[in-house]
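Below is one structure; the comments refer to it alone.
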Amino acid sequence: SNSPPLQLVLTLYSLLPWTAAKLSWLVTNFFLAYLCFYLVERCLPFSGISLDRPTRILILLIFFDLSPTRIAIENGQTTLLVFTLMLMSVLVSKRSWFLAGCLLGLALSKVSVSISVALFFLYHRNFRILATAVLFQILGFAVIALISGNSIILVFTEYLRLFISLADQR
């Protein structure tokens, strides 16, 4: 399940007719898959090594052929968006702890995927990034509470209940 910050971003697709929203999300997922590949390439610790074009194309095609990538695109999951946000938060963390925290906060909307990056920042003692990410999540819950006319506690407990019930299904 996705927590409120990501739900708020995805709500923008509701402004489109169903077919247009579905098609634009498909195109977005293809773009995100390419962007993930590009960002992973930038995250590699071998900064002096660059791959030639045929090798890059081959690796990109292999990435697109992986079952998780195909399933995320075919089913319209938010996994590629979350993965992109995770990678971006790592890449910008040296330049802007605030932006990295906001990106991580949005990525934490799918905790099952993004917890590893939060642990990475915890290991490296980037507490400002982690605090910003948590505040970003709280802000998302507050906005949903404001929109729905409920208390933030009620919105959070309902999300937690949903999260637990989905975790019990596995």
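Positions are given from 1, in the same order as the sequence printed here.
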Could you measure the distance from the [atom1] atom of [X] to the [atom2] atom of [Y]? Nearest 0.5 Å is fine.
| X | Y | atom1 | atom2 | value |
| --- | --- | --- | --- | --- |
| I147 | L8 | CD1 | CG | 5.5 Å |
| K110 | T79 | NZ | OG1 | 3.5 Å |
| L87 | L91 | CG | CG | 6.5 Å |
| T132 | L104 | OG1 | CG | 9.5 Å |
| F37 | R56 | CZ | CZ | 5.5 Å |
| L10 | L81 | CG | CG | 6.5 Å |

- Query: side chain to side chain contact (heavy atoms under 4.5 Å, CB included) with A107: which residues, sequence neighbours excluded?
  - Reply: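 Partners of A107 under the side chain to side chain contact (heavy atoms under 4.5 Å, CB included) test: V82, L85, M86, S114.
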
Test of understanding: with side-chain hydrogen bond (donor to acceptor under 3.5 Å, both in side chains), list the residues that count as partners of [X], not counting sequence neighbours.
| X | value |
| --- | --- |
| T157 | none |
| N2 | T78 |
| T55 | D52 |

What side-chain donor-acceptor pairs closer than 3.5 Å can you find for residues 57-72, not counting sequence neighbours?
residue: T69; atom: OG1; partner: F63; partner atom: O; Å: 3.0
residue: R70; atom: NH1; partner: D65; partner atom: O; Å: 2.3

- Item | Of all pairs that satisfy side-chain hydrogen bond (donor to acceptor under 3.5 Å, both in side chains), the ones with a partner from residues 136-150, not counting sequence neighbours |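 Residue pairs with at least one partner in residues 136-150: S3-Q137, S109-Q137, S148-N150.
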
- Task: Quick one: which residue pairs count as a side-chain hydrogen bond (donor to acceptor under 3.5 Å, both in side chains) with a foot in residues 83-97, not counting sequence neighbours?
- Result: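 Matches after skipping sequence neighbours: none remain.
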
- hydrophobic_cluster_shared for L162 and L154, side chain cutoff 4.5 Å: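 No, because L154 and L162 fall into different hydrophobic clusters, even though each may have its own neighbours under 4.5 Å.
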
- Query: Can you name the nearest heavy-atom pair linking G140 to P4, along with the distance?
  - Reply: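 In this case the closest contact between G140 and P4 is O-CB, 3.3 Å.
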
- Query: L130 and A118: which non-hydrogen atoms are nearest, and at how many Å?
  - Reply: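 Answer, listing the atom of L130 first, then A118: CD2-O, 3.5 Å.
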
- Task: Any chance you could pull the hydrophobic cluster mates of Y123, using side-chain heavy atoms under 4.5 angstrom and chaining through other members?
- Result: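 None; Y123 is a cluster of one.
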
- Query: Members other than L146 in its cluster, when Ile, Leu, Val, Met, Phe, Trp, Tyr link by side-chain heavy atoms under 4.5 Å?
  - Reply: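 Its cluster mates, by chain and number: none.
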
- Query: Which residue pairs satisfy the ring-ring contact (aromatic ring centres under 6.0 Å, His included) criterion with at least one member in residues 126-160, sequence neighbours excluded?
  - Reply: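 Passing the test, one end in residues 126-160: F141-F156, F141-Y159.
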
- List in chain and number order the residues that pass salt bridge (charged side-chain N to carboxylate O under 4.0 Å, His left out) with R161, two or more places apart in sequence or in another chain; answer none if no residue qualifies.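 Applying salt bridge (charged side-chain N to carboxylate O under 4.0 Å, His left out) to R161 gives E158.
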
- Query: Mind checking whether L32 and F83 have side chains closer than 4.5 Å, heavy atoms only?
  - Reply: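 The answer is no, as the side chains (C-beta and beyond) never meet within the 4.5 Å cut-off.
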
Could you go through residues 17-30 and list every donor-acceptor pair under 3.5 Å that involves a side-chain atom there, pairing it with any protein atom two or more places apart or in another chain?
residue: S24; atom: OG; partner: A20; partner atom: O; Å: 3.0
residue: S24; atom: OG; partner: A21; partner atom: O; Å: 3.1
residue: W25; atom: NE1; partner: G76; partner atom: O; Å: 2.9
residue: T28; atom: OG1; partner: Y13; partner atom: OH; Å: 3.0
residue: T28; atom: OG1; partner: S24; partner atom: O; Å: 2.7

